[in-house]
Amino acid sequence: MERASLIAKDRGQSTIATDAHNAGSIGMMKYDNRVRKRCATWGECNLGRFFCQPELTKKTNSVTVALCSSPPAPVVVACSTARAVECRTALGSTKPTAAPPRPSHPQLSLQTSVCMYARRLADRTEDSFQRSAAAVYRRYILSIFALFAIHSSSAHALEGPTWLHTRNPLSFLQRAAGSGAQSESQTEKQKSPGLKSDSEQALSEFSRNESDVPTGPAPRIDGHPDLSGYWVPSKQDRPVGNIGKDLPVINCPLPQRDRQR
Amino acid sequence: MKHNIEHTIDPESLCVVGGMPRHDASALPFQLLQGSHHAAFLYWYTTYRLVPFDGRQHDPDPDPSFFGDEIGTWDGDTFVIDSVAFKEARTWADENANPHSDQLHTIERWTRPDAGHLHLELTIIDPKFYTEPIHYQRTWLIGKPTQIVHEYSCAEDNVDAPHLQPGPGPIGPDGQRGYDKVTPLPPPPDKDHPAVTSILN
């Protein structure tokens, strides 16, 4: 632990503990740093090839700790990053050092930025405000579709302009294609049977129900299947945004219904 | 991973091409146009990639790119895309901010088992960052015949760029990352502060 602490200190860090962001990350990264250390699936250390069993992996809100069953002394594995992913190991303690207080959360900072930005906008002349607002709306024109979609979902009963707070303007489209698309707006259907609401039209752009998909053999062209088409994500593939989703060591923070799939 | 989360801004939010394998891991639809010698993947963000399958080999000295040097071949009814020569900087491997290096090598195996489904089996080989290949698969559903991808001018009036901070956002209950917290808008116009347009009378 002392060695690892020294390493962390040298890196300007007060701890070797990882943070909760790594909960859904790939646990098999390696990085050959200057001292040629590396680790793999939860603990291939230069102390020996100690493969930790996934079931022995403990995760908390602040630290991710892999406990090896061999050697007898438990190994605490933690990943830190300077320019890339590094893995450090330490012997002798089953408990990592306390996680440092997280710096201001990016999200909070983003909100602060948005508030400050909005305040500056309000302080400007009305004409200037109008131009800036128009620019913002153009920037997020696609996200508005997703906003309709999210509002149509009871699971995402959001208030206010959600799109203002995303750094990635299309992230809401992604959410709309995934979770937002799961629950249709029943009330809107009841209100206007036979007519598509705005949210339904928006959803139809980014998702489709399995039951609506045509069946039959794939068309062929030049002796091969014709892969041409407009392809929308399947709702049964989630979370697709993590390339490690199919790895056995991954334990994504999914709702219970998705864990059972 | 930690470096990307804490020190890099989502490249796509800065209008940098997402590249591979991130576009395969995207939750957005895409359009595929298959020709006789090329296949074109058209993505939202007004990004595309062209995959030749005319028998050519990899460029012996390719320039690094976000989609890599891509070569397509047919293995029976499976369309195989082999890609090498990727950029390492300003790119994420997926929406989760997982990294990849310039030694990335991806092998996509696309199949269309029936008229309504498109299936991908993706193998990600990156010996610089990962100890073993990563296998990833997913399925898309065919959209309606009239649906197409539309223009999205990402760089136009990107007023948010100076306010962006690192990372992909927290993992939501659905397993996807992103930001969905809400703060109120400025108050709407009223009679004391009416909204005006920039159009002169």
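Within every chain, numbering begins at 1; the chains are lettered A, B, ... in the order of the sequence lines, protein sequences first and strands thereafter. Only this structure's heavy atoms are used, side chains among them; waters, hydrogens and symmetry mates stay out.
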Do A/Pro233 and B/Arg138 make a side-chain contact, defined as non-hydrogen atoms from C-beta onward lying under 4.5 Å apart?
yes
Going by heavy atoms in the side chains, are B/Glu95 and A/Asn242 under 4.5 Å from each other?
no
Contact origin within B/Ile124 toward chain A - heavy atom pairs under 4.5 Å
side chain
Within the side chain of [X], is there an N or O that forms a donor-acceptor pair under 3.5 Å with the backbone of [Y]?
X	Y	result
B/Arg112	A/Asp226	yes
A/Arg208	B/Leu141	no
B/Gln34	A/Leu227	yes
A/Asp246	B/Gln137	yes

Option in A/Val213, A/Asp212, A/Asp222, A/Ile221 with maximal non-hydrogen atom pairs under 4.5 Å from chain B:
A/Val213
Can you tell me how far the CD1 atom of B/Ile134 sits from the NZ atom of A/Lys245, to the nearest 0.5 Å?
12.5 Å
As an exercise, state the distance from OG of A/Ser234 to NE2 of B/His117, rounded to the nearest 0.5 Å.
6.5 Å
Sort out for me which of B/Thr111, B/Leu118, B/Asp24, B/Thr78 touches chain A most, counting heavy-atom pairs under 4.5 Å.
B/Leu118
Got more than 12 heavy atoms from elsewhere within 6.0 Å of [atom1], [X]?
X	atom1	result
A/Arg220	CZ	yes
B/Phe66	CZ	yes
B/His38	NE2	yes

List the atom of A/Thr215, the atom of B/Ala115, and the distance in Å for their closest heavy-atom pair.
O-CB, 4.0 Å
Chain B contact via A/Pro217 - side chain, backbone, both or neither, heavy atoms under 4.5 Å:
backbone
Please enumerate all residues that pass ring pair (Phe, Tyr, Trp, His ring centres under 6.0 Å) together with B/His105, with sequence neighbours excluded.
none
Would you please test B/Tyr136 and A/Val240 for side chain to side chain contact (heavy atoms under 4.5 Å, CB included) and show each step?
CA-CA 9 Å; B/Tyr136 172 97; A/Val240 294; 3.5 Å; yes
Is there a side chain to side chain contact (heavy atoms under 4.5 Å, CB included) between A/Tyr230 and B/Ile142 once you walk through the steps?
CA-CA 6 Å; A/Tyr230 181 84; B/Ile142 189 71; 5.7 Å; no
